[in-house]
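Before any comments, here is the structure.
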Amino acid sequence: MSTHELYTAPVSRETWNVPLAGDSRFTWEYDEGRDRLLNLYQKGKDKQWDAVKRIDWSLDVDPANPLGLPDQANAIYGTPYWEKMNDRERGELRLHLTSWQFSQFLHGEQGAMITGARIVETVPDLDAKFYSATQTMDEARHVELFGKFLHEKLELVYPINDNLRSLLDDTLSDSRWDMPYLGMQVLIEGLALAAFGLVRDMTTAELPKQMLTYVMQDEARHVAFGRLALRDHYRELTDTERREREEFVIEGCYLMRDRFQGLEVWENFGIPRDEASRLARESEYMKIFQSLLFSRIVPCVKDIGLWSERVQNAYADMGVLEMSKGDLEALMAQDEELADRLDAERFAAEEAARREEVDAVIAEAASA
């Protein structure tokens, strides 16, 4: 089935074309490289996996509550809009909210795949080209995975959110080689990683938990890549260059903050956009959710050296300045550990089931 048959609103069948900007850079230095970046490249090769085989696609998803979340996680819970809904309508709303969220994950991952390929082309250092090539493959796998989930399990897709589209456009149309790093690896990927983690930790549904746990194992490396590549480069910036990048970060973070309000969903359920935005801002759940979305971005921005008073004031205005104290290394280590633990639990259970099946066949043969 064509994705266009599943979209909640008409989407152009023409491709979205972002003009190419910047130079394609070759390097003739093949020996030298930064050890930490080359180690990350090695891990990227070692950790490749197949989205068809590693995910248990036989698991069912409840269309009335695909993530198994409590009603309190809904931004309009307790409002007159919620009280007027019957059980069927509330189930339909949960389906649309999940579809909207995972659709943005899907569109963002395609953006990450294209940005990864762009970085291979434009970055001047071979070690960064090596790693970004593995990331491009990772992102292709994530596009495959989220697309399969939306097509086969939810059968509903939302168009790309305007805020995400705007940031992708700014990221990909800039001619400076470091801007795709900053826009994608730090802002878009950092926010996505936090959103993945929040859903992974809250969902009681096994399939989305598996998907996000394994995707996060990849994404943690991607954010680390952006930090390593930009940290050295940004030490050499002029004041003007630094200010330009800080303004990009500030504008991008405001776009990303508003991206997760899901206004398109509320409009589909008859709630005016301004009213939906107000309800989202006043929702205690959404306040917590939006602040936690910056748990990966803020400490990363600080780490790469874009930490002027203007940037700090913007984060204070968003209510996320305290996130600068977060331990990125610990968070990424946890992402790795959770994926490895899930593998161990799943494959141990599968091995036990195979042993039981073999024992049953042997017992049946013996009795015969």
Side-chain angles (χ1 to χ4, degrees), residues 1-7 43-63 66-69 95 97-117 132-161 164 168 184-185 188-223 225 260 296 332 335-336 338-343 345-347 350:
M1 179 182 293
S2 168
T3 306
H4 287 271
E5 298 175 43
L6 303 178
Y7 276 118
K43 183 178 285 188
K45 292 187 294 180
D46 293 340
K47 295 289 186 176
Q48 292 295 315
W49 50 280
D50 189 333
V52 174
K53 297 177 180 178
R54 198 181 191 191
I55 303 296
D56 184 358
W57 293 105
S58 68
L59 292 166
D60 291 328
V61 171
D62 179 3
L67 298 178
L69 298 178
L95 173 63
L97 286 169
T98 304
S99 170
W100 182 88
Q101 189 168 48
F102 278 73
S103 295
Q104 304 319 309
F105 291 165
L106 171 65
H107 303 316
E109 294 300 312
Q110 183 183 178
M113 177 178 67
I114 291 172
T115 304
S132 199
T134 68
Q135 178 179 349
T136 304
M137 182 60 209
D138 289 344
E139 307 297 5
R141 177 168 57 248
H142 301 168
V143 173
E144 173 192 5
L145 179 148
F146 287 125
K148 186 176 177 69
F149 180 70
L150 287 162
H151 276 80
E152 299 182 4
K153 300 299 183 178
L154 302 188
E155 299 182 348
L156 188 72
V157 184
Y158 267 79
I160 186 170
N161 173 262
L164 175 59
L168 279 173
M184 179 55 67
Q185 312 293 91
I188 298 176
E189 294 273 55
L191 189 91
L193 191 55
F196 294 160
L198 289 169
V199 178
R200 176 198 65 189
D201 296 341
M202 292 177 61
T203 182
T204 58
E206 184 59 29
L207 180 57
K209 183 181 287 290
Q210 272 188 31
M211 293 167 52
L212 294 171
T213 299
Y214 292 144
V215 166
M216 288 186 71
Q217 189 176 36
D218 294 339
E219 298 292 0
R221 295 194 306 273
H222 303 167
V223 175
F225 170 47
F260 276 90
R296 310 286 180 125
M332 291 187 293
D335 295 337
E336 290 273 0
L338 288 174
D340 291 339
R341 187 189 307 166
L342 179 59
D343 268 346
E345 292 171 354
R346 284 184 57 210
F347 297 138
E350 291 175 9

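With respect to the salt-bridge test (charged N to carboxylate O, under 4.0 angstrom), the residues K209 and D201 do not qualify. Using a 4.0 Å cut-off between a side-chain N of Lys or Arg and a carboxylate O of Asp or Glu, R200 and D335 qualify as a salt bridge. The pair R221-D138 counts as a salt bridge, with a side-chain nitrogen and a carboxylate oxygen less than 4.0 angstrom apart.
Judged purely by distance below 3.5 Å, without hydrogens or angles, the side chains of E139 and Q110 never pair a donor atom with an acceptor atom. The closest side-chain donor-acceptor pair between H222 and E219 falls under 3.5 angstrom. Judged by distance alone, the side chains of R141 and Q48 do bring a donor and an acceptor atom under 3.5 Å apart. A donor atom on one side chain and an acceptor atom on the other are found under 3.5 Å apart for E189 and Q135.
With rounding to the nearest 0.5 angstrom, the CD atom of Q217 is 8.5 Å from the NZ atom of K43. Note that CE of M216 and CZ of F196 are 8.0 Å apart. Values are rounded to the nearest 0.5 Å. The distance from atom CG of L212 to atom OG1 of T203, rounded to the nearest 0.5 Å, is 8.0 Å.
In this structure, D56 and L207 approach most closely via the heavy-atom pair O-CD1, 3.6 Å. Pairing each heavy atom of V61 with each of F149, the nearest pair is CG2-CE1, 4.0 Å. What you find for S2 and H151 is that their closest heavy atoms are C-NE2, 4.5 Å.
Residues N161 and W100 have side chains in contact (heavy-atom distance under 4.5 Å, counting atoms from C-beta outward). Looking at heavy atoms from C-beta onward, L156 lies out of side-chain contact with L6 at the 4.5 angstrom threshold. Side-chain contact between L154 and P66 is present, with at least one heavy-atom pair separated by less than 4.5 Å. Between R296 and L191, every side-chain heavy-atom pair lies at or beyond the 4.5 Å cut-off. Side-chain contact between V223 and Q185 is absent, with no heavy atoms from C-beta onward closer than 4.5 Å. Taking the side chain as every heavy atom from C-beta outward, K153 and L59 never approach each other to under 4.5 Å.
In this structure, K148 places its NZ atom where more than 12 heavy-atom neighbours from other residues, nucleotides or ligands lie under 6.0 Å away.
Screening F102, Y158, F105 for a side chain to side chain contact (heavy atoms under 4.5 Å, CB included) involving L150 leaves a single residue, F102.
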